[in-house]
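Bear in mind that the values here come from a model prediction, so they are computed numbers and not experimental data. When a ligand or atom number is given, it counts from 1 through the structure's own listing order. Excluded from the calculations below are hydrogen atoms, water molecules and symmetry mates; all remaining heavy atoms, backbone and side chain alike, are included.
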Amino acid sequence: MSENGKYDLVIVGGGPGGLSAGIYAMRAALKTVLVEKGLAGGQVAMSDEVENYPGFIQVSGAELSMKFVEHAKACELEMVSDEVTAVEPGPEHHLVRLGSGKVYQTRSVILATGGRPRKLGIPGEDEYYGKGVSYCAVCDGFFFRNKTVIVVGGGDTAAEEALYLAKIAKKVYIAHRRDAFRASMILQKRIEADCNIEVLWNTVLTKINADASGVCGADLKDIRTGEARSLDLDGAFIFIGFDPEGGIVPAGIKKNADGYVVTDDKCETQIPGIFVIGDLREKYARQIVIAAADGCTAALAAAHFVEMKQGLPDVCEAPAGLFE
Ligand code: NAP
């Protein structure tokens, strides 16, 4: 247990929110560690182009996330590659348990664990994941050069990924369950103008079909008429939203009906010193710039929280001897 540590702040998650929090926390002189189970940079690293992060007219998601990481490193933020398995709140300190067995004792915690792609839950989706079913066009689009694919969804992600795939694939269908997109108007206009893309309105997938070489088609249904038909396809890209990754949110913290954590305007939960930011937090819009702004808000609030706690006796909830 020699690598257990005592911190002012533990940040869980290394996307734009977590890294921004880390930058602000280091500048506020908080003893901080950021724990990320995968690669630091977050979901944005999977995006093809980002065109709405201020200061960057157009930048690849990979480059933008690399810049966030570089910035955090320049601030000497300690980053640990590990999985947080539990956050145990205490009256003076919280404990953060890691998969490796380490335990961090900290005054404050910022949870920035984001979300994971939502699934359709139809036959064939799980079976053919990686064999033509994908949740990431930037990762898998390469395999569909000059092929025919379908994108499911009508939000910004589906629109952006369909436009990306349209540069690679021979034909891109977009199946959307309604007769209007919720994606931003600029993306809608680009879709309209792209002759490689055909939108199937009011259409849902009911089954993904495959042969020995992977996905070969899908069964579709027109939800107005009930008419069913099959389409020959080489791949199915599903972008129907995200579910928040809230598995380590301590019990007692309020979540809304969709599982997003409810915070105050400081991003603080009902448990003092535990903050939630980015896509895990209930909010009007989920954008990179908002995740970054959340990170700033929570880190400044955590710094204030820690300052208020300074001078209090070092009451420790940890098992005896753990932090000697
Ligand atoms: P989203 O905005 O929640 O859109 C999900 C889409 O999937 C909706 O069109 C929804 O249809 C459809 N859908 C949901 N469940 C479905 C189901 N079971 N079957 C068929 N269709 C289903 O999710 P998102 O596009 O991933 O975006 C998430 C957040 O990130 C949004 O706030 C978005 O603005 C943001 N984002 C921003 C950018 C950017 O600004 N560059 C890029 C990507 C994402 P309905 O429309 O009928 O509900």
Set out, in order, the CA-CA distance, both residues' side-chain angles and the distance that settles salt bridge (Lys or Arg N to Asp or Glu O under 4.0 Å) for K119 and D126, then state yes or no.
CA-CA 9 Å; K119 292 187 173 187; D126 284 343; 2.9 Å; yes
Rounded to the nearest 0.5 Å, what's the gap from OG on S81 to CD on E36? Could you check?
7.5 Å
Interfacing atoms of ligand 1 (cut-off 4.0 Å, heavy-atom, L120):
19 (N)
May I ask whether V204 places a heavy atom under 4.0 Å from ligand 1?
no
Relative to the heavy atoms of E160, which atoms of ligand 1 are at a distance of less than 4.0 Å?
39 (C), 41 (N), 42 (C)
With a 6.0 Å cut-off on the ring centroids, do F237 and Y164 count as close?
no
Distance under 4.0 Å to a non-hydrogen atom of F242: what atoms of ligand 1 satisfy this?
26 (O)
Check each of G241, A183, A158, A159 against atom 23 (O) of ligand 1 and report the one with the nearest heavy atom.
G241
Reference residue Y104; test side-chain contact (heavy atoms from CB on, under 4.5 Å); the match among L9, V35, V87, L95:
V35
H176 heavy atoms, cut-off 4.0 Å: which ligand 1 atoms fall inside?
9 (O), 11 (O), 45 (P), 46 (O), 47 (O)
protein heavy-atom neighbour closest to atom 16 (C) of ligand 1 works out as R177 NH1, 3.3 Å
Check: V172 main-chain N/O paired with N196 side-chain donor or acceptor under 3.5 Å
no
Report, in ascending order of atom number, the atoms of ligand 1 lying under 4.0 Å from any heavy atom of G154.
6 (C), 7 (O), 8 (C), 9 (O)
